Engineer: 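What follows is a structure written as structure tokens; I'll ask about it next.
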Amino acid sequence: MSQVPLVLVDGSSYLYRAFHALPPLTTSKGLPTGAVKGVLNMLLSLRKQYPDSPFAVVFDAKGGTFRDELFADYKANRPSMPDELRLQIEPLHASVQALGLPLLCVEGVEADDVIGTLARQCAAQSRDVVISTGDKDMAQLVCPHVSLVNTMTGSVYDVEGVKTKFGVGPELIIDFLALMGDKVDNIPGVPGVGEKTALGLLTGIPGGLDGLYANLDKVAELPIRGAKTLGAKLAEHREMAYLSYQLATIKLDVPLDIEIEQLHPGATDDAALIELYRELEFKTWLNELLRKAPPAPAPSQPGASGDLFAEPAALEAETALVDTESRYETLLDPARFDAWLDKLRAAPLFAFDTKTAGEDAQQALLVGLSFAVDCHEAAYVPLAHTYMGVPQQLDRDRVLTALKPLLEDPARAKVTQHGKFDMNVLARYGIEVRGLAFDTLLESYVLDSVATRHNMDALALKYLNHGTIRFEDIAGKGAKQLTFDQIALEQAGPFAAEDADLTLRLHQSLWPKLQAVPSLASVLTDIEMPLMPVLARIERQGALVDAKLLGEHSRELGERLVQLEREAFAIAGEEFNLGSPKQLGVILYEKLGLPVLSKTAKGQPSTAESVLAELAEQEYELPKVLMQYRSLSKLKSTYTDRLPEQINPQTGRIHTSYQQAVTATGRLSSQDPNLQNIPIRTAEGRRIRQAFIAPEGYKLLAADYSQIELRIMAHLAQDAGLLHAFQNNLDVHRATAAEVFGVPLDQVSHDQRRSSKAINFGLIYGMSAFGLAKQIGVDRKEAQAYIDRYFARYPGVLAYMERTREQAAAQGYVETLFGRRLYLPEINAKNGAMRKAAERTAINAPMQGTAADIMKRAMVAVDTWLQNSGLDARVILQVHDELVLEVREELLDQVREQVISLMSHAAELAVPLLVEAGMGNNWDEAH
């Protein structure tokens, strides 16, 4: 039986490649981790392919090598290692070792030399070797027993593969590199000899470098550009060519005190991996480890103040006993259900969760409910499981009738995880949930909005050190995934009970953290929790749309897209696929010769939308047509085609879902459909709004905050000029233009006002002089002069910006007026671009976040008034800074006046909050 191959991984090569090729990834504390994750992904994939092989990951050691002695400028062109990469070396080495993989670093040589030596030893014993690398110089090692694999590209090179790739066999790779050099490693090569010339020399004159220098007189006869003078050039640089040969040659005799069989991987150190994955925030891998065999956690190391990942030691000790302590019940006996009703009535706070078949809260079947009254004590009440052989379940009507007083009692405190979903599901069964005091999704979001996920699995892992039962574990994946009603109670019961249990335990972990920062606790209790039932009502109400109008619009867009496609073909002189970047690149750059403004990561001319937009601005015909085509195509596929399909057959309305815990600044987002992205500056976009209509006897009322972020900036900056403009109800853009351009207010031109508007809004988002110049059509120097004059006239704004940068750098976060925090992990990054981006966010976030808080407070105020008044009016949409209401026609004036008043007084600023309201038969008319 043949031996399994030895697998050698060029760790240093992959570390660099992963760092430069993959998008940057950082932890919540700002630790860069993208390269570590990329390399570990590659290693895990490789281990699956060669599960029984000896395996070594080889890295360059610190310090110089013998090549530096040969050539002082060796690798001199390579820039110093970025700090963001250097910080990842130690955790990568530690992770490799914790995975049980042999790790080799040998001083005085490079990783290539260690790999070459081991590969030569194995090949001499007729043993196969697989070298995983992305470096071309490794091709010299390929032979009948040695092959290369590039895990990042999936390429595999044996002897024939090397010939196909480079044009020469492995035996000539060193000669090839010696002639053409290597810019990355600063191997000089022969000046003027590139890849094609080197290939022509080696294939034209046999014998490699020695054969070439023995036959320099034959070089002039070769079919190579510049062949007549090439011989003299080679002779002049003979010494450099042979030095390059030495530098490019991988050392094959490194003294290694190791046997091949010693390289078999050992057992993984799960405890070490858990600590590493927690520090690096590799949550999926951490979850898998904890679920496989949750070990007793190590004693906690308390973090610095504000460390959101520091865990109390008592909590960590407790979570180690989860599996043995949990007391979960599935309630099929009426007596046990009644006993749990008594527990719920006696509990000062209980957690509950709904389980449904489907994820649409407006249509999903209620399958069961789970409850928790204490840590590790929870129960599941199945109501509608439908699989064959399911035990007799309690009567759904009886259960819901018994639970209704508890769930509707505002005096009985409850906690949920994403309770808006539960509220909407139960509302369809006649239960209006009240007394929802806490929601763990919102607690996590308010505590750290920068965290990307606030779902149960992520939170349990982060705050409880607990790997959850995942839905895929009990339901399967893909097209064959079961719905919850099809899952056996033996599996569904523990899963559902665990969700309620973890919700309660998460609250007990998260709430004290929020209480430690009173302003954050206030954001939760005064803004986010009161808003949740408001959003639930808006979602249930839905919006009426005219499907016929959308259908007509879709047909017209289709006809226009056909016209634009024909125009594109006429300009190009041939037909091509407008959606194919490859075909489009050929047409734009090879056939039409348009300037290449940007390239892809693979070096191809880019056809990205931003590039096409810039080319269109330069008046190139085809990009202008393509931009129109893409814009209309997106409108058609996203809205005019899709919206009619999203009409709920039971209500005849569209019910968007508002995401309360997604954006870092606190703004709401919507999905299914996303109503935030309907363009309003184009006629086609406004036509989509025209399809949102009022029912007969009603009108739509749209109330919109005017320039709210600029008004907030005036308040925060306390700049006298801006305060004067807003307090005196001046046109702030005209007032700014008068100041910046030094002209009387009544003599400000349209172009001057447009420029000042760009300055006003641009500064909020950190626009540079370059960006402003591009937007208003002036050169960078003139744009900078405008900005300088702006700051001279409004010194308070500049002072605010500088003050905010300093505060953000000192404390690591910024706050809204109401105390919402936005953490900025990269505010002190050594990478200048990352730091500048964080500084721009620091300046903008207090304004955008305060605007979000004001809108949320306004929504609660308007909803409270509508609920108490009993008027025939309701909020149906919230988009950006706008509320849209459906109002009985005869009540329009009364509702309009009160909504404007409530929105205007949602916050007390140094300048008035201006609300503009319009009315109409559809959203566009009202806006």
Side-chain angles (χ1 to χ4, degrees), residues 358-364 424 538-569 575 577-579 609 624-659 669-702 874-880 882-889 918-927:
E359 297 180 358
D360 182 352
Q362 310 305 327
Q363 301 185 68
N424 278 333
I538 295 173
E539 291 178 2
R540 290 200 300 276
Q541 175 61 35
L544 189 63
V545 296
D546 188 334
K548 183 179 178 183
L549 193 66
L550 287 168
E552 292 173 359
H553 191 189
S554 197
R555 179 183 54 78
E556 292 174 18
L557 285 175
E559 292 172 355
R560 178 62 181 142
L561 287 170
V562 171
Q563 293 175 357
L564 288 169
E565 189 176 51
R566 288 172 181 160
E567 288 180 36
F569 293 164
E575 294 189 2
N577 181 355
L578 272 64
E609 191 158 327
K624 288 169 75 172
V625 171
L626 289 169
M627 287 298 294
Q628 290 182 59
Y629 183 90
R630 288 189 179 186
S631 174
L632 296 184
S633 179
K634 186 174 182 180
L635 280 182
K636 186 175 187 297
S637 62
T638 306
Y639 295 112
T640 61
D641 287 350
R642 182 80 178 106
L643 285 177
E645 298 172 355
Q646 293 176 296
I647 296 175
N648 185 313
Q650 297 169 356
T651 66
R653 288 172 171 253
I654 281 178
H655 301 267
T656 189
S657 176
Y658 287 96
Q659 305 303 295
S669 64
S670 68
Q671 67 179 29
D672 301 323
N674 179 356
L675 302 178
Q676 311 279 353
N677 289 344
I678 299 176
I680 59 172
R681 290 186 175 86
T682 66
E684 297 294 351
R686 289 193 294 273
R687 280 191 65 186
I688 292 171
R689 286 196 168 204
Q690 289 166 17
F692 286 76
I693 58 173
E696 189 174 348
Y698 293 79
K699 296 286 186 185
L700 295 188
L701 169 68
R874 61 209 55 84
V875 178
I876 62 168
L877 296 172
Q878 191 284 316
V879 178
H880 302 306
E882 177 182 16
L883 279 184
V884 182
L885 292 85
E886 196 174 85
V887 185
R888 193 78 192 172
E889 286 190 37
M919 298 167 285
N921 293 313
N922 61 61
W923 188 7
D924 185 52
E925 280 185 16
H927 187 79

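These numbers were taken from a predicted model, which means no experiment stands behind them. Counting from 1, the numbers follow the sequence of the chain as shown. Values below: every heavy atom of this structure, side chains too, minus hydrogens, waters and symmetry copies.
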Engineer: Could you check whether any side-chain N or O of R686 sits under 3.5 Å from a backbone N or O of D924, counting only pairs where one atom can act as donor and the other as acceptor?
Structural biologist: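 No: the side chain of R686 does not pair with the backbone of D924.
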Engineer: Can you name the nearest heavy-atom pair linking L635 to I688, along with the distance?
Structural biologist: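 Where L635 meets I688 most closely, the heavy atoms are CD2-CD1, 3.5 Å.
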Engineer: Using 0.5 Å steps for rounding, measure from the CD atom of E567 to the CZ atom of R560.
Structural biologist: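 Atom-to-atom, E567:CD and R560:CZ are 5.5 Å apart.
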Engineer: Is a salt bridge present between R555 and E552, judged by a nitrogen-to-oxygen distance below 4.0 Å?
Structural biologist: no
Engineer: Is there a donor-acceptor contact under 3.5 Å from the side chain of S631 to the main chain of M627?
Structural biologist: no
Engineer: Any donor-acceptor pair under 3.5 Å linking the side-chain atoms of N674 with those of Q671?
Structural biologist: no
Engineer: Find the distance between NE2 (H553) and CG (L643) and round it off to the nearest 0.5 Å.
Structural biologist: 11.0 Å
Engineer: With no hydrogens and no angle check, is any side-chain donor or acceptor of Q363 less than 3.5 Å from a backbone partner on N648?
Structural biologist: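 No, the answer is negative, given that no donor and acceptor are paired below the 3.5 Å cut-off.
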Engineer: Begin with the C-alpha distance, continue with both residues' side-chain angles, and end with the deciding distance and a verdict on side chain to side chain contact (heavy atoms under 4.5 Å, CB included) for E565 and L578.
Structural biologist: CA-CA 8 Å; E565 189 176 51; L578 272 64; 4.1 Å; yes
Engineer: Where the side chain of Q878 meets the backbone of H880, is there a donor-acceptor pair that is under 3.5 Å apart?
Structural biologist: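 The answer is yes, because a donor-acceptor pair under 3.5 Å joins these two groups.
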Engineer: From I693 CD1 over to K699 NZ, what is the distance, rounded to the nearest 0.5 angstrom?
Structural biologist: 11.5 Å
Engineer: Looking at E609 and K634, does any basic side-chain N land under 4.0 Å from a carboxylate oxygen?
Structural biologist: no
Engineer: Just verifying a value: how many Å separate D672 CG and Q362 CD, rounded to the nearest 0.5 Å?
Structural biologist: 11.5 Å
Engineer: Which atom names give the shortest non-hydrogen contact between V879 and R689, and what distance separates them?
Structural biologist: CG1-NH2, 4.2 Å
Engineer: Would you call R687 and E556 a salt bridge, using N to O less than 4.0 angstrom?
Structural biologist: yes
Engineer: If you take all heavy atoms of E882 and A702, which pair is closest and at what distance?
Structural biologist: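 Of all heavy-atom pairs spanning E882 and A702, the closest is OE2-CB, 3.3 Å.
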Engineer: Using the rule side chain to side chain contact (heavy atoms under 4.5 Å, CB included), only one of L877, N922, L550, L544 pairs with F692; which is it?
Structural biologist: L877
Engineer: Going through the distances and angles, do R566 and Q563 end up as a side chain to side chain donor-acceptor pair (under 3.5 Å)?
Structural biologist: CA-CA 5 Å; R566 288 172 181 160; Q563 293 175 357; over 6 Å; no
Engineer: Counting heavy atoms not belonging to Q646, are there more than 12 under 6.0 Å from its CD?
Structural biologist: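 Yes - once you tally the heavy atoms of other residues, nucleotides and ligands closer than 6.0 Å, there are more than 12.
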Engineer: Any idea which heavy atoms bring G920 and E925 closest together, and the distance?
Structural biologist: CA-OE1, 3.5 Å
Engineer: Are R653 and E886 ion-paired here, with the side-chain N under 4.0 Å from a carboxylate O?
Structural biologist: yes
Engineer: Would you sort out whether W923 and Q690 count as a side chain to side chain contact (heavy atoms under 4.5 Å, CB included), showing the intermediate values?
Structural biologist: CA-CA 6 Å; W923 188 7; Q690 289 166 17; over 6 Å; no
Engineer: Grab the two heavy atoms, one from R888 and one from E696, that are nearest each other, plus how far apart they are.
Structural biologist: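 Smallest interatomic distance, heavy atoms only, reads NH1-O, 4.3 Å.
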Engineer: Are side-chain heavy atoms of S637 and R642 found at a separation under 4.5 Å?
Structural biologist: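 Side chain of S637 against side chain of R642, heavy atoms only: no contact under 4.5 Å found.
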Engineer: Any luck finding a side-chain donor-acceptor pair between R540 and N424 under 3.5 Å?
Structural biologist: yes
Engineer: Out of V887, L885, I876, which residue meets the side chain to side chain contact (heavy atoms under 4.5 Å, CB included) rule with L700?
Structural biologist: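 Exactly one option meets the side chain to side chain contact (heavy atoms under 4.5 Å, CB included) with L700, and it is I876.
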Engineer: Ignoring hydrogens, what is the shortest heavy-atom contact between I678 and G685? Give both atom names and the distance.
Structural biologist: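 Closest approach of I678 to G685: CG2-O, 3.7 Å.
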Engineer: I need the Q628 CD to S633 OG distance, nearest 0.5 Å.
Structural biologist: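 One gets 13.0 Å once the value is rounded to the nearest 0.5 Å.
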Engineer: If only side-chain N and O atoms count, and only distance matters, is there a donor-acceptor pair under 3.5 Å linking D641 with S554?
Structural biologist: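 Yes, D641 and S554 have a side-chain donor paired with an acceptor closer than 3.5 Å.
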Engineer: Donor-acceptor pair, distance only, cut-off 3.5 Å: does the side chain of Y698 make one with the backbone of N921?
Structural biologist: no
Engineer: State the CD-CD distance between Q659 and Q676, to the nearest 0.5 angstrom.
Structural biologist: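 One gets 10.5 Å once the value is rounded to the nearest 0.5 Å.
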